Protein chains: 2
Amino acid sequence: MSQTVDRALSILPLLAEGPADLGRVAERLGVHKSTALRLLRTLHEHGFVYRQSDQRYRLGARLISLAQEAMENLDVREIAHPHLVRLNEQVGHTVHLAVHEEDEVLYIDKVESRYPVRMYSRIGKPVAITVAAVAKLLLADLPENERRAVAEQLDYPMYTARSTPNADGFLKELAKVREQGWATDLGGHEESINCVAAPIRGADGRVVAAMSVSAPNVVVTAEELLTLLPLVRRTADAISGEYSGRTPVKEVTA
Amino acid sequence: MSQTVDRALSILPLLAEGPADLGRVAERLGVHKSTALRLLRTLHEHGFVYRQSDQRYRLGARLISLAQEAMENLDVREIAHPHLVRLNEQVGHTVHLAVHEEDEVLYIDKVESRYPVRMYSRIGKPVAITVAAVAKLLLADLPENERRAVAEQLDYPMYTARSTPNADGFLKELAKVREQGWATDLGGHEESINCVAAPIRGADGRVVAAMSVSAPNVVVTAEELLTLLPLVRRTADAISGEYSGRTPVKEVTA
DNA sequence: GAGTGTGTTGCAACACTTGCAACGACCGTT
DNA sequence: AACGGTCGTTGCAAGTGTTGCAACACACTC
């Protein structure tokens, strides 16, 4: 809607690929160098980009601290955290918390496994939306038409032989997940990693977040992991209860 | 430099304080509602803001995932991480990694304490720049005039009785830190928490990052924590060595 | 010292942004 | 049920802010 802002914002994902110099930015944006320079300067003033010693631009610290604040404002996260920690103490494996927003599902909290073999993931990282157990739960809760629309515009990368292959398969899986109220990912993202996940619901019953326990095959088999399902569901329900008990937004308006 | 972009970017920190509706944003920006609307729409298209069910705006997921990418591009972090984990395994306490950028010092990595009593901090959070041990190391490495300039424009909040009170005291402390090559924070931020920190240097000898070990009084006394100094320094030196050995930027240019 | 490759600046033209006023939707009140 | 209020939204005309250009400054190479 606003050309100037649109261009400026387009610079950020571009820089996320790695540092770039002025010429490169101008070229990728399709604008004159002087224009790119002025946009970069404005971004710089706000700390969104940083100019390293070789004069090239990269993403700035302000972005990181803002994202930090953004996460701290998510109240599900705050409520869920102690429960995640407790679950982790009981089962030892990696515990994740994820939310859905626009067309992404991303981890907003994580408690690391106590086993030496760990799964790679990071808070803030968008998850593999077509295969992750938490993603299935979050998308399964959308109304029929939206679910369909989302499923059709997704890509279906075959991470492994057990990855969801296409929109059709995905919609079937979502229907099943919706039905049963929990989800799994058995080697659909990484061959040797399995997950069990359960939904966290708000007062109106809609799924606001999802949590999962993940563990590699070498530590526990898929069957053993599945025995944890009741515990995972109980934890999710406890969070749901606490979350829907309170006012969902804490107002600070003076 | 660019008014439109400047206004748009100013919306983000504003929303970081908490969700806001259109009128509020327009008011805070000092522009007409229609203008604010168009800016918000552009931010929304890029996923930087999200419109929640009550129509109010808050920071969006894109911001979080971008920040994530920004951090993954920091090569010090990648190199340092395994060393931090190893140190944590040896000493058990919380280990931090921080960098300096513009006028902020922020944590870019953290390995949690194994003790139940933990220090509060988060990756991405700007540190208390006038008292944190890592901040002292990073600022102490600046050339004299810059150090002076930075010190003078800072605020000196008295977190505790042992906080750095003013620019003068801070500059003295920086000089000492620069001299000895390591730093401490003994209850300057939180009464009961102490830190020991050591610098990580690039090939040219300049400090590119700093790492610290933090522990509360109730777990170990300040004296006991100080006995870890040689180990912390050795770890930092190991990281320095590895960091300056490689090419500092990994190019992906096709 | 000419020759490339950067990043940077002043300027004039015009495209884009801006504020306005008016509309529609919604909510609580009378 | 009609009213007044608040809030988000849209089309438009005025003009300001943005744009690309051309020229400059600087660093490096040949």
Side-chain angles (χ1 to χ4, degrees), chain A residues 1-12 14-15 17-60 101-102 203-204 247-249 251-254, chain B residues 1-12 14-15 17-60 101-102 143 203-204 206 247-249 251-254:
Chain A
M1 286 260 116
S2 164
Q3 190 188 69
T4 320
V5 177
D6 185 45
R7 285 174 171 169
L9 294 182
S10 306
I11 293 178
L12 299 175
L14 192 159
L15 290 184
E17 296 168 20
D21 61 21
L22 179 60
R24 198 190 175 82
V25 171
E27 187 193 19
R28 293 278 305 263
L29 274 184
V31 299
H32 196 264
K33 282 191 305 179
S34 59
T35 313
L37 177 68
R38 282 181 287 243
L39 296 176
L40 281 165
R41 275 226 257 261
T42 315
L43 289 167
H44 180 89
E45 269 176 26
H46 285 258
F48 285 85
V49 306
Y50 177 70
R51 197 150 198 202
Q52 37 186 37
S53 42
D54 63 352
Q55 295 228 103
R56 294 190 306 168
Y57 295 91
R58 59 171 186 70
L59 295 179
E101 189 176 312
E102 312 282 314
D204 53 1
T247 48
V249 195
E251 264 310 333
V252 202
T253 327
Chain B
M1 284 260 113
S2 164
Q3 190 188 70
T4 321
V5 178
D6 185 45
R7 286 174 172 169
L9 295 181
S10 306
I11 293 178
L12 299 174
L14 192 160
L15 290 184
E17 296 168 20
D21 60 22
L22 179 61
R24 198 190 176 82
V25 172
E27 188 194 18
R28 292 279 305 264
L29 274 183
V31 299
H32 196 263
K33 282 190 307 176
S34 59
T35 311
L37 177 67
R38 283 181 288 244
L39 296 176
L40 280 165
R41 275 227 257 262
T42 313
L43 289 168
H44 180 87
E45 269 175 26
H46 285 258
F48 284 85
V49 306
Y50 176 70
R51 196 150 198 200
Q52 38 186 34
S53 42
D54 63 351
Q55 296 227 109
R56 292 191 307 169
Y57 295 91
R58 58 170 186 72
L59 295 179
E101 189 177 310
E102 312 284 314
D204 54 0
R206 295 216 43 192
T247 48
V249 195
E251 265 306 335
V252 203
T253 326

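The structure displayed is predicted, hence computed values, not measured ones.
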* Structure fact -> Contacts of B:A36 meeting side chain to side chain contact (heavy atoms under 4.5 Å, CB included) (sequence neighbours excluded), chain-then-number -> B:L22, B:V25, B:A26, B:V31

* In whole angstroms, how far is the P atom of C:dC14 from the CD atom of A:Q3? -> 16 Å

* To do: Check each residue of residues 4-12 of chain A for a non-hydrogen atom within less than 4.0 Å of any atom in DNA chain D, then write out the ones that pass by number, or none.
  => A:T4, A:R7

* Structure fact -> Axis-to-axis angle across the helix from C:dG1-D:dC30 to C:dC27-D:dG4, five pairs each end, nearest 10 degrees, ~ 30°

* To do: Using the test side chain to side chain contact (heavy atoms under 4.5 Å, CB included), find all partners of B:E45 that sit at least two apart in sequence or belong to another chain.
  => A:M1

* Carboxylate-amine/guanidinium contact A:E17 A:R24, below 4.0 Å -> no

* Please state how far atom CG in A:D54 lies from atom C1' in D:dC28, giving the value in whole angstrom units. => 16 Å

* Residues in side chain to side chain donor-acceptor pair (under 3.5 Å) contact with B:S10, at least two apart in sequence or another chain -> none

* With sequence neighbours excluded, what pairs up with B:R41 under the salt bridge (Lys or Arg N to Asp or Glu O under 4.0 Å) test? -> none

* Output yes when B:R206 and B:D204 qualify as a salt bridge under the 4.0 Å nitrogen-oxygen rule, no when they do not. => no

Shorter than 3.5 Å, N or O on both sides, protein versus nucleotides 7-11 of chain C: list them out with atom names.
unit_1	atom_1	unit_2	atom_2	d
C:dG7	OP1	A:L22	N	3.1
C:dG7	OP2	A:G23	N	3.4
C:dG7	N7	A:K33	NZ	3.2
C:dT8	OP1	A:R51	NH1	2.9
C:dT9	OP2	A:R41	NH2	2.5

* Go through the structure and list residues passing salt bridge (Lys or Arg N to Asp or Glu O under 4.0 Å) with A:R51, not counting sequence neighbours. => none

* Asked: Sequence neighbours excluded, which residues qualify as salt bridge (Lys or Arg N to Asp or Glu O under 4.0 Å) partners of A:R58?
  -> B:E101

* Structure fact -> Residue set satisfying side chain to side chain donor-acceptor pair (under 3.5 Å) with B:H46, at least two apart, ordered chain then number -> A:D6

* **B:V5: which of A:I11, A:L9, A:T42 passes side chain to side chain contact (heavy atoms under 4.5 Å, CB included)** => A:T42

* To do: Quickly work out the B:L39 CG to C:dT17 P distance and round it to whole Å.
  => 9 Å

